[in-house]
Every structure is written in structure tokens, then in C-alpha cells.
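Hydrogens, waters and symmetry mates play no part in the numbers below; they use all other heavy atoms, side chains included. Only a predicted model underlies this, so the values are computations on that prediction, with no experimental measurement involved.
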Amino acid sequence: MDTLDTRYGPLAADGLVERHPDGSLRAAFAAAPFALDTAIGRLTPQYSIDDTRRMHKPPVTFFPNGQARSVPLEHRTVVHTPVGPLPAELVTFHENGAIARVFPLNGKLSGYWTEADEAGLAETLRVATPIGTLYAKLVAVAFDPAGRLRSLTLWPGEEVTVRAPCGNAPVRLGLSFHPGGALRSLEPAKPLEVATPVGPLWAYDPDAVGISGDDNSLVFDGDGQVTRLATVRSAVTARLPDGSRQELAPLVRDSICGDGDQELTPLVLEFTADTLRASHGTAAPFAVL
């Protein structure tokens, strides 16, 4: 066991110790109780393994300036955040010490502990957002370096209704905010008709994966205008300068299951002041008008 000097005091560590190129501490596994005084309260990193949920002990990580970056917690702890108190099993920080993300749960998924088992422990949390108070089961709550709410990531299967520029919108997977508090993006839980620069379209992406709520398929600018959407129910016909027409539509392809069925790849449209970009899914644009 090694004793490492940190800005929070001596850290008793075992196992591999990682360092940044300048020699500063990058990651270490806590071997004994160790308290960190942070912007969201006093935290004790995980130093033991006591159940099948947490079969591995993740390390505490640090930025080159010594600020803690990622802190898995020994016990579920209520932390004080800009949106109110939240329970946490893992927290991450920005380099300036501000909270970056709060994860209410941090179990290790395996053959012995499934996502369904972990979801069974998730509780409905109250979060004060710029568009009103939301109640939901959350995978993570994210903040920017200034302490403003950046995004909410919802548990798979969880759905909330929020006040959006297009009206009340059912949301799954996640939603995010502009620094000023306006809604930046959301993942529609069902096809949602929205106004766009080319007319009303039905926004919905059945392929959305929801890794985090930072970036979603329906995106608004700070004034509430749609700047991007994915759709499998709408198409756009454009008249080109030479008088011809080009249809922008979802892509129909054979199912990857190889059973003869067909499936849709969403049409993704991005709007700027003078440009419309069209692509299929995450592919490069096939049209720029």
C-alpha cells in the first residue's frame, strides 16, 4: 500500500497508480477511508467491495492541477447541487472544481447483476430545472463549469412531459439546456409535430440510443427555433436552381436481421440561416441546399 500526497490530504492507495505526463497523480484506488472536501460537500471515495452490485473498485481520478475528476463513493451520499439535493454513488467534476455530473447509481452490470436489477433501485427524483420542476428516474444530472444545468439523462423506459418551444412534449432518454436556461434539445418519446423553416415536420428517432442527455435528436436555438431534427414520418421536396426537384426522405433499407423485412433510417435535417443539410442517421450529409 502506498501513501500518496493529494490536495485533499494523504491518500492510502493500493494497486496500480497512474500519473499524468508531468508526473502529477492521474488515478489511484483508495485502500482506506479518505475524505475529500468538495464544492458539493464532503465525499468518501469507494475503498471496499461489499456486494454483487460493485464487484470491482473503480479508481479516483484527478486532473493535472490536482482537482478530483471522478469520485466513486463508498456509500450512496446526498450531495448539494445547483438543482437541489441529489443522491449519488458517483460524481465527476470540472477542472475548476465545479460539479460536472451526478450519478445516483453506479452498479457494475454483469451476469449476476443486470440493468433491470439496477433499474429496480432507481428512485424518482425531484429536479428544479429552468423549465419547471421535473420528477423522474435519472441515470445522470450534468452541469457546466459555471454550475448551470446542462442535461438530464433518463432511465431507459422513463418518460416525462416538458414545456418545450413546440408545446408540451413527451420526452424519453434525455433533454439538455442552453447556458441561459432555454431548452436546447430533447428526445421525443413519440412522433411530435414541430414547426421548421421548411414547414411542419414530425420529429422522432426510433434509433436514438440515449447514452447521455447532452445531445438529442430534436434541437432548438436560444430563441426556440428548430435547428435540427430526425424524422421517419416526414419528407421534404426541394426545388433546385436548375428547376429540378430533389426529395429528402428517410432511407428504406433491408433489416439487419436478414429476414426480408425492411426498416427506416431516420432523415436528419439541420437548419442554419441560409442552409439545409440532410443526412441519414449519423452518416455524412447527402445533400446541402
Side-chain angles (χ1 to χ4, degrees), residues 129-132 134 136-137 139 151-178 182-240 244-257 259-289:
T129 81
I131 58 173
L134 298 182
K137 295 180 179 180
V139 173
S151 70
L152 302 175
T153 304
L154 306 178
W155 267 100
E158 187 76 351
E159 183 178 320
V160 297
T161 298
V162 304
R163 186 175 69 251
C166 55
N168 288 336
V171 177
R172 64 189 179 113
L173 301 180
L175 59 155
S176 66
F177 301 87
H178 287 285
L183 189 65
R184 178 185 177 274
S185 71
L186 60 86
E187 199 57 56
K190 62 182 180 182
L192 182 67
E193 188 175 32
V194 298
T196 78
V198 296
L201 299 173
W202 288 93
Y204 182 66
D205 182 0
D207 295 337
V209 293
I211 295 176
S212 83
D214 291 0
D215 192 24
N216 304 286
S217 66
L218 178 56
V219 182
F220 306 93
D221 64 18
D223 296 322
Q225 303 301 309
V226 173
T227 60
R228 188 180 77 201
L229 64 79
T231 180
V232 290
R233 293 186 56 175
S234 297
V236 174
T237 300
R239 183 184 297 275
L240 304 182
S244 63
R245 294 174 179 267
Q246 181 174 5
E247 184 178 56
L248 313 176
L251 178 66
V252 180
R253 65 183 182 187
D254 292 333
S255 170
I256 59 175
C257 297
D259 54 8
D261 291 337
Q262 292 186 317
E263 59 187 14
L264 291 172
T265 297
L267 171 68
V268 178
L269 299 175
E270 296 184 61
F271 306 97
T272 64
D274 56 4
T275 302
L276 168 62
R277 294 176 179 269
S279 58
H280 288 125
T282 59
F286 66 85
V288 180
L289 307 175

Please step through side chain to side chain contact (heavy atoms under 4.5 Å, CB included) for the pair R163 and T129, ending with a clear verdict.
CA-CA 11 Å; R163 186 175 69 251; T129 81; over 6 Å; no
Distance, nearest 0.5 Å, that separates CG of L229 from CG of N216:
13.0 Å
Output for pair (S176 OG, L186 CG), nearest 0.5 Å, gives 8.0 Å
What one should report as the nearest heavy-atom pair of P165 and F220 is CG-CD2, 3.8 Å
Nearest heavy atoms of A230 and D205, plus distance in Å
CB-CB, 3.8 Å
Sole candidate of T231, V226, L192, V236 that passes side chain to side chain contact (heavy atoms under 4.5 Å, CB included) when paired with L201:
V236
Using only atom types and a distance under 3.5 Å, with no angle test, would you say the side chain of D221 pairs donor to acceptor with the backbone of D223?
yes
Rounded distance [0.5 Å steps], CG in L240 versus CZ in R245:
10.0 Å
4.5 Å side-chain heavy-atom contact, P266 and D207:
yes
Distance-minimising heavy-atom pair for G213 and T153:
N-OG1, 2.7 Å
Does I211 have more than 12 heavy atoms from other residues, nucleotides or ligands lying within 6.0 Å of its CD1?
no
Which heavy-atom pair separates V268 from G281 by the least distance, and what is that distance?
CG2-O, 3.5 Å
Interatomic distance, CG@L248 vs CZ@R277, rounded to 0.5 Å, equals 13.5 Å
Could you check if a side-chain atom of L264 sits within less than 4.5 angstrom of a side-chain atom of V252, using non-hydrogen atoms only?
yes
Find the distance between OG (S234) and CG (L269) and round it off to the nearest 0.5 Å.
9.0 Å
Here the pair of heavy atoms bringing D214 nearest to R184 is O-NH1, 3.3 Å
Please lay out, stage by stage, how L134 and L175 fare under the test side chain to side chain contact (heavy atoms under 4.5 Å, CB included).
CA-CA 11 Å; L134 298 182; L175 59 155; 4.2 Å; yes
Would you check if F286 and H280 make a side-chain contact, meaning some heavy-atom pair closer than 4.5 Å?
yes
Can you see which heavy atom on R172 is nearest to which on P188, and at what distance?
NE-O, 3.1 Å
Would you compute the distance between atom CG of L173 and atom CD of E187 and round it to the nearest 0.5 angstrom?
5.5 Å
